[in-house]
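In what follows, chains carry the letters A, B, and so on, assigned in the order in which the sequence lines appear, proteins first and then strands, with residues in each chain numbered from 1. Note that the structure is a prediction, hence the values are computed from the model and not measured.
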Amino acid sequence: MKRLQKLMRALRFDDPPASYELLETEHGEPGFFTGWRDTREDAGEQDGPIEPGIDAVRARYMTECSGDINPDLILRAFKIGPTTRALAVFINGIADSDAINDFILRPAMRSDGLPDGCDDPLRYVSEQLFSMQEATLTKSRREAKRAVLEGQTAVYIDGCAGAVILDTRKYPSRSVGTPQNEVVILGPHEAFTENIRTNASLLRRIIRTDDFVIEFRASGGKNNNRIAIAYRSGVANPSLVGEVKKRFASVDTLMVLSVGTLEQLTESHPFAPLPQSLSTERPDRVAAQIMQGRVAVLLEGSPLVNVMPATLFTLMSSGEDAYLRQPVGTIIRIVRYIGAFLSIIMPAYFLALAMHHPGMLSAEVLSTVIASRNMVFLPLGVEMLFLLIVFQLVREAGLSVPGAMGQSIGIIGGLILGQAAVAANIVSKVVLIIVALTGLGNFTIPDYSTQIAAAYYRIFLLLFAWLGGLLGLFCAFVLTLAYLATLKSYGVPFLTPMSPKTYSKGPWLVRGRVNGSKRPGDAMNTEEAV
Amino acid sequence: MNLREGRIGRQEAASMAWIACVIPAIFTVSTRVTYENGNASYAATAFSALLALLLFWFVTAAMRARGCDTLSGLYRLAFGGFGAAVAAALTACLLAASAAVPMARMLLILGRYVFVNASEGRIALYFLIAASVLAISGLETVARTARLLVFWVFLSFLLTVVIAMPAFESYRLYPLLGGSAERLVWQSVNGTVRFLPALIALSICGRGVQGVRNVWRGGLLAAALSVLLASGVQFCLGLCYGYQTLSDMHAPIYRMTMAVRTGSAYLRTDKLLLFFWVVGAMLTAAFLCYSAGLLYAKSTRMRDARPACAVFSVLAVVLALLGEVGQITSEHVAELFFTYAWAFLAAPPALAAGIALLKKERRV
C-alpha cells in the first residue's frame, strides 16, 4: 500500500514534493521555531522528579548508567556538617577533580551543617557553601543526569527532591594551535580546537560587541553532543537565524561527530558536489563572517566551524585576503579564479580541440600534439581520463600518508610515475602537462570541499567534450552554470553577489576597500541598513 | 504549486530578454526574406523593435490598469476560462516555434561548417538536453544563467564585428533604406516576430519578475539594448556583403568571422564565437519554452509547470529538426513563418489588452 502511495505521489504532478516546499519557504519567513528536539526523549527515556532520598538516587544511577561495571561513574557520599547526608555524582575524567575536592567536598565536610529551620537546603548550599562559579538548581531527573554525562557534578541532599548542578567540566583538550589547512603569511596563526568553550572564547576575543550571541544546544545526535549557534543578534537576519535553528533542531541521528555530518543533515541540496556552508578552522574568518551577518555553528569535538550561508565567492575567498593591500589582494584573487577556471575547463577544452576541432589549433601546436602522441596506444580521451584519475589517486594517497612521507608520495606519483608513463608510451607529454597544470590550478581553490567538487565538474565537462567537442563542452558548461545558479544556501542564491547582482563589498573578484565596508553587504539582508 | 517562478531582479530579467531578442534578430528565420529589400535590414530591425515595444507597452499598460501581474491573468480576464486556455495554447505553441528558429539556424551552421559528418539529430540532442533541463529548472535558473553569460554573448558579437572591420565597404549599403519604402514597412512589421516572443515571454513571467513595472522596465531595457546591437550587426553585415550575397547565405554573421585574414590566427576564433551564439540560442530556447510551459500551466490551472516545459522543449527541438530534414520545404515554411507569425503572436495579447481595457471603461 505504501509503495502504491509512493508511486502515485511520484506520478502526480499536482502534489509537489516536500523538499520543494522547503525551498519555497526559504524565500519568505521560515516557520515558527517551536523548540529543540529532545533526542533522549525519542529514545524512550522518561523524565520525572528527583527522588528525595539519596539511596534511591544512587540505585537509579547504578541501574541506568551501569554503575557496577562502569568505574568512571563516581557516586561520592558525604555529609554536610555532622548529620546531613549528601551524594555527589560525576564522571571521572571529564569532571575537574580538584574543583570537586576543593570547592564542593571540603567546604561541605568542614561546615557546621545546615542552619536550623533551613527551608531550602539546596539553595542554601549553592549560595553559601559551594564556591563554584556556575551552580543551578533542578528538579528534573533527566536534566541532572544529562549534566553529569557532560562532566558537571550533581549534588543531591537527603530529603530534598532536587539537585544542585555545579559546573566542573574539564575535558582533556589540546591548546590553541596553528591552522593546518588554512595557512597564511600575514594573518593570525591560531586555529580552533576540539573544545567548544575554547572556540567560543576565541570568537568572543575578536567580536567584543553586546549583540554577539552564542546559543548552546543539543546537536540532535544520540551521543548528546553539543553545538553552539553564534550570530549577531539584531544584525543577522532573524529569518536566517530562525532557518538555521529550525534545520539544526530537526537533526535526529545516531551520532554527530563532525560539522561535516551536521552540514549534510541540514543542507537543501545534499547531492550537490559543492558545499553549502563554509567550513573553516580560522577564528578570524568566522568572526569576519559573523560580523557580515552570517551564522556560525560550532560543535563539541570539532576543530572546524561551519558558517552559513555560503556562496561560491565565500568559498573562493582565503583567510589572507583581508590582510593584503587592495591591489595585491585583487590580483591574487584574479589569479585564483583563473587557476580554478583553467583547472576545471582545460582538459575538456584541449580534448575537444584535439579530437573534434583540430583546425582551431595552429599547425605548430597540432604537429607537437601529434608528435607527442606518436606510439601512445591509449585513445586521447581515455588517456586524459586515466591521468586525471591518477592525479586524484596521488593526491588522496599523499593526504592519507602522514607528514613527510605524504610529500614523498606526491613526488613519486607526480614525477617518477609521470616520467615512467611517458617513457612507456602510456601517456603523451602534452597531456601530462595539461593534467599537471590542471592539478596546479586546482590547488589555487582555497576550500578543500570545493577542490573535490571541481574534480567532479572537470570529469563531467571532459565526458561531454569527448562526446560532442566544443558543442558538448559548451552544453555541459551551461548546465553546470545553471546548476550553480539553482543552488541556494539557506535561501541565499549560491552565485550572489554576481547573479543575482547585489550591492557588495564582500568577497568578489575585485576586493573592496577596507574602509569602504562599514556595513554588511545586502546579500545577507541584515537588520542594519546598507 | 511547482511553477518554478521564484523571484528574479530587473538585471536578470533584462539579461534574459536581451539574449532572447538579440539571437533571433541576428540569426533570422530566412535570409532571403530578410535581405530581399536591399541592405536596409538594419533599419527594419530598429523599426521592428519599436513596433514590438509599442505592443508590449500596450499589453503591460493593460495589465497594470487591470491589476494582472501575468499575461495568463490578462487572458483570463479578457477571454474567460476556455478562451484563455485557447489563446494560451496558441501563444505557447508560437513561443515554442519561435524557440525553434534560432536552434534551427544553429543546427544548420553546425551541420554545414563544424560537424560536417554528423547528423542533425545528434547535434540537436545537445540542444534538447540544455534547453529542456534549463526550462524545467525554472525561471530563476534561466535568468541567473543568462545574467552570467550576457556579457560573453555581447562580447562574441562585438569581436565578430571588430574582426570583420577590414572587409567593410560603405558602397555596399546603397540603396540606404532599401528599394522600396512599402517593402521596408512590411519588413519592419514582419520583423516584429524577432522581438515579440521575448517580450511576451517576459510578460508571462510577471510574478517572477516581481510586478508589471519590472516587466515593462526589463523589457524596455532589453529591447533598447538589443536593437542597438542587432541593428549594428545588420549594418555591419551590410557593409561586409552586398544584399544579393547575403540573401544566398545561411549564416552571414558566421561567414563574416571568416571574411578577413584567412589563414591567420583570427580564423580560429570563428568556431569559438559560434559556440557562444549556440549558448545564446540554448538560453533563448530555454526561456521561451519555460514561458510557454508556464503560460499553459497557469491557463489550464495545472499546479506543476515542469511537464509542460518539457513538452514545449521537445516540440521546439523537433520543429528545429524538421527545418533541417527537408531543406526545400523548410525554407518555404520559414518564409511563411516570417511573414505571418507576427500576426498570430501579437493578436491574442493585443486583443486581450484591448478587451480588458474596454471592460474596465464599461465598469467605470
Asker: Non-hydrogen atoms of chain A under 4.5 Å away: do they reach the side chain of B:Val142, the backbone, both or neither?
Answerer: neither
Asker: Using a cut-off of under 4.5 Å on heavy-atom pairs, state which of B:Ile129, B:Leu110, B:Leu148, B:Val114 scores highest against chain A.
Answerer: B:Leu148
Asker: With sequence neighbours left out, what residues match A:Arg373 under salt bridge (charged side-chain N to carboxylate O under 4.0 Å, His left out)?
Answerer: A:Glu383
Asker: Can you check whether anything in residues 457-474 of chain A gets within less than 4.5 Å of chain B, heavy-atom wise, and list it by number?
Answerer: A:Phe464, A:Leu467, A:Gly468, A:Leu470, A:Leu471, A:Gly472, A:Phe474
Asker: What's the spacing between B:Leu272 CG and A:Met360 CE if we round to 0.5 Å?
Answerer: 4.5 Å
Asker: What is the distance from atom OG of A:Ser499 to atom CD1 of B:Ile8, rounded to the nearest 0.5 Å?
Answerer: 9.5 Å
Asker: If you define the side chain from C-beta out and look only at heavy atoms, does anything of A:Lys488 sit under 4.5 Å from B:Glu140?
Answerer: yes
Asker: Chain A heavy atoms under 4.5 Å from B:Leu149: which part of the residue, side chain, backbone, both or neither?
Answerer: side chain
Asker: Without hydrogens or angle criteria, can the side chains of A:Thr486 and B:Ser137 be said to hold a donor-acceptor pair below 3.5 Å?
Answerer: no
Asker: Any side-chain heavy atom of B:Arg147 sitting closer than 4.5 Å to one from A:Pro500?
Answerer: no
Asker: Just wondering, do A:Phe494 and B:Arg144 contact through their side chains at under 4.5 Å, heavy atoms?
Answerer: no
Asker: Heavy-atom pairs under 4.5 Å with chain B: which of A:Leu495, A:Leu487, A:Val478 has the most?
Answerer: A:Val478
Asker: Within the structure provided, determine whether A:Leu479 and B:Leu134 are in side-chain contact (heavy-atom separation under 4.5 Å).
Answerer: yes
Asker: Name the region of B:Phe115, side chain, backbone, both or neither, that has any atom closer than 4.5 Å to a heavy atom of chain A.
Answerer: side chain
